Amino acid sequence: MIRLSLTGLTIAAAIAVSGFSGAHAEGESCSPIGGVAIPNFFAEGEGNPIIISAALTGSVQNAAGKITAQRETPTGLEMDMEHYFGRDDGGAFQTKDLGILTAVPGKPGRFMIEITYHIQDGTSRGTMKGAKGSFNSYGLVDLRDPNNLQGLVRYSGEICH
């Protein structure tokens with residue numbers, strides 16, 4: 001179940017990009033972002049990262065990612081992740097993230113997912129050049145069928161330049 005949960009979290013994480021928060025230093029320009037993500041997960045085999053690919057609506061149109069580490073918790077799983085986000089206007093940025101999967105009581109194989117994304121310095125480009133801050137996402141993932149993992153994630157927040 002841990003390997004399956006890791007896959008689900010990875011999928012959901014790639015999909016979800018929610019709530020940017022960062023300090024507004026003088027001279028910074030901040031703008032809201034938000035939308036919905038629907039991820040796809042690709043297991044590369046035992047010992048390899050689970051790859052995430054997602055189509056997004058809203059401020060960001062695509063995302064890819066991977067789970068780099070996972071830990072069991074008393075309520076589910078905790079995962080270290082990386083994501084790569086892109087926009088139709090050529091803007092892009094990379095994040096390092098923490099994903100938390102919490103089991104839904106009475107619903108085996110289903111989890112609430114929350115991800116905190118941290119934009120990495122020097123990784124933004126194009127129309128997103130200079131982007132900084134962090135944001136969150138939340139949603140649900142269904143990990144009951146390893147051949148048909150499903151998820152839906154809402155992201156929202158603010159990015160500063």
Side-chain angles (χ1 to χ4, degrees), residues 1-20 32-72 76-104 109-129 131-159:
M1 183 58 159
I2 293 175
R3 176 58 56 192
L4 176 59
S5 296
L6 174 58
T7 303
L9 178 57
T10 305
I11 297 173
I15 302 175
V17 177
S18 207
F20 279 92
I33 66 163
V36 175
I38 301 172
N40 293 293
F41 302 91
F42 303 94
E44 300 273 310
E46 190 65 36
N48 292 314
I50 295 171
I51 305 302
I52 305 163
S53 173
L56 286 75
T57 64
S59 306
V60 180
Q61 288 73 48
N62 63 70
K66 60 186 170 183
I67 297 170
T68 58
Q70 71 176 7
R71 297 165 291 284
E72 285 189 60
L77 291 172
E78 184 176 272
M79 299 180 187
D80 296 328
M81 308 170 84
E82 295 177 0
H83 285 90
Y84 308 86
F85 295 96
R87 295 177 14 156
D88 288 345
D89 65 4
F93 58 90
Q94 179 181 349
T95 64
K96 290 209 184 244
D97 323 309
L98 178 63
I100 305 292
L101 281 173
T102 303
V104 175
R110 292 177 210 129
F111 297 85
M112 168 70 182
I113 185 168
E114 299 175 83
I115 303 169
T116 302
Y117 306 86
H118 300 280
I119 298 175
Q120 299 299 291
D121 289 340
T123 66
S124 58
R125 62 181 163 223
T127 59
M128 297 301 298
K129 184 129 181 103
K132 56 185 168 181
S134 61
F135 58 100
N136 301 298
S137 67
Y138 60 91
L140 293 170
V141 293
D142 183 341
L143 308 179
R144 293 176 294 171
D145 180 355
N147 296 314
N148 187 27
L149 301 173
Q150 299 180 38
L152 181 64
V153 180
R154 168 77 170 118
Y155 70 96
S156 66
E158 186 176 73
I159 298 176

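Source: prediction; values computed, not measured. Every heavy atom of this structure was used, including side-chain atoms; hydrogens, water molecules and symmetry mates were not.
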Might you work through the side chain to side chain contact (heavy atoms under 4.5 Å, CB included) test for E114 and T116, ending with a clear yes or no?
CA-CA 7 Å; E114 299 175 83; T116 302; over 6 Å; no

Any idea which heavy atoms bring I100 and T102 closest together, and the distance?
CG2-OG1, 3.9 Å

Measuring from atom CG of N40 to atom OG of S53, what distance do you get when rounded to the nearest 0.5 angstrom?
6.0 Å

Point-to-point distance, once rounded to the nearest 0.5 Å, from CD1 of I159 to CZ of F135
6.0 Å

Mind checking the CG-CE spacing from L101 to M112? Nearest 0.5 Å is all I need.
10.0 Å

To the nearest 0.5 Å, how far apart are OH in Y138 and CD1 in I113?
13.5 Å

Go through the steps to decide whether L152 and I38 satisfy the test side chain to side chain contact (heavy atoms under 4.5 Å, CB included), and finish with yes or no.
CA-CA 5 Å; L152 181 64; I38 301 172; 3.8 Å; yes

The criterion is side-chain hydrogen bond (donor to acceptor under 3.5 Å, both in side chains); which residues satisfy it with S59, sequence neighbours excluded?
none

Hey, could you give me the NZ/CE distance between K66 and M81, rounded to the nearest 0.5 Å?
12.0 Å

Can you list the steps and then say if L98 with D80 is a side chain to side chain contact (heavy atoms under 4.5 Å, CB included)?
CA-CA 5 Å; L98 178 63; D80 296 328; 4.0 Å; yes

Backbone N/O of G35 and side chain of R154: donor-acceptor pair under 3.5 Å:
yes

Side chain to side chain donor-acceptor pair (under 3.5 Å) pairs touching residues 120-129, sequence neighbours excluded, are D89-T127

Applying side-chain hydrogen bond (donor to acceptor under 3.5 Å, both in side chains), can you list everything that pairs with E82, at least two apart in sequence or on another chain?
Y84, K96

Go through M128 and I119 one step at a time and tell me if the side chain to side chain contact (heavy atoms under 4.5 Å, CB included) criterion holds.
CA-CA 11 Å; M128 297 301 298; I119 298 175; over 6 Å; no

If you measure from CG on D97 to NE2 on H83, what distance do you get to the nearest 0.5 Å?
5.5 Å

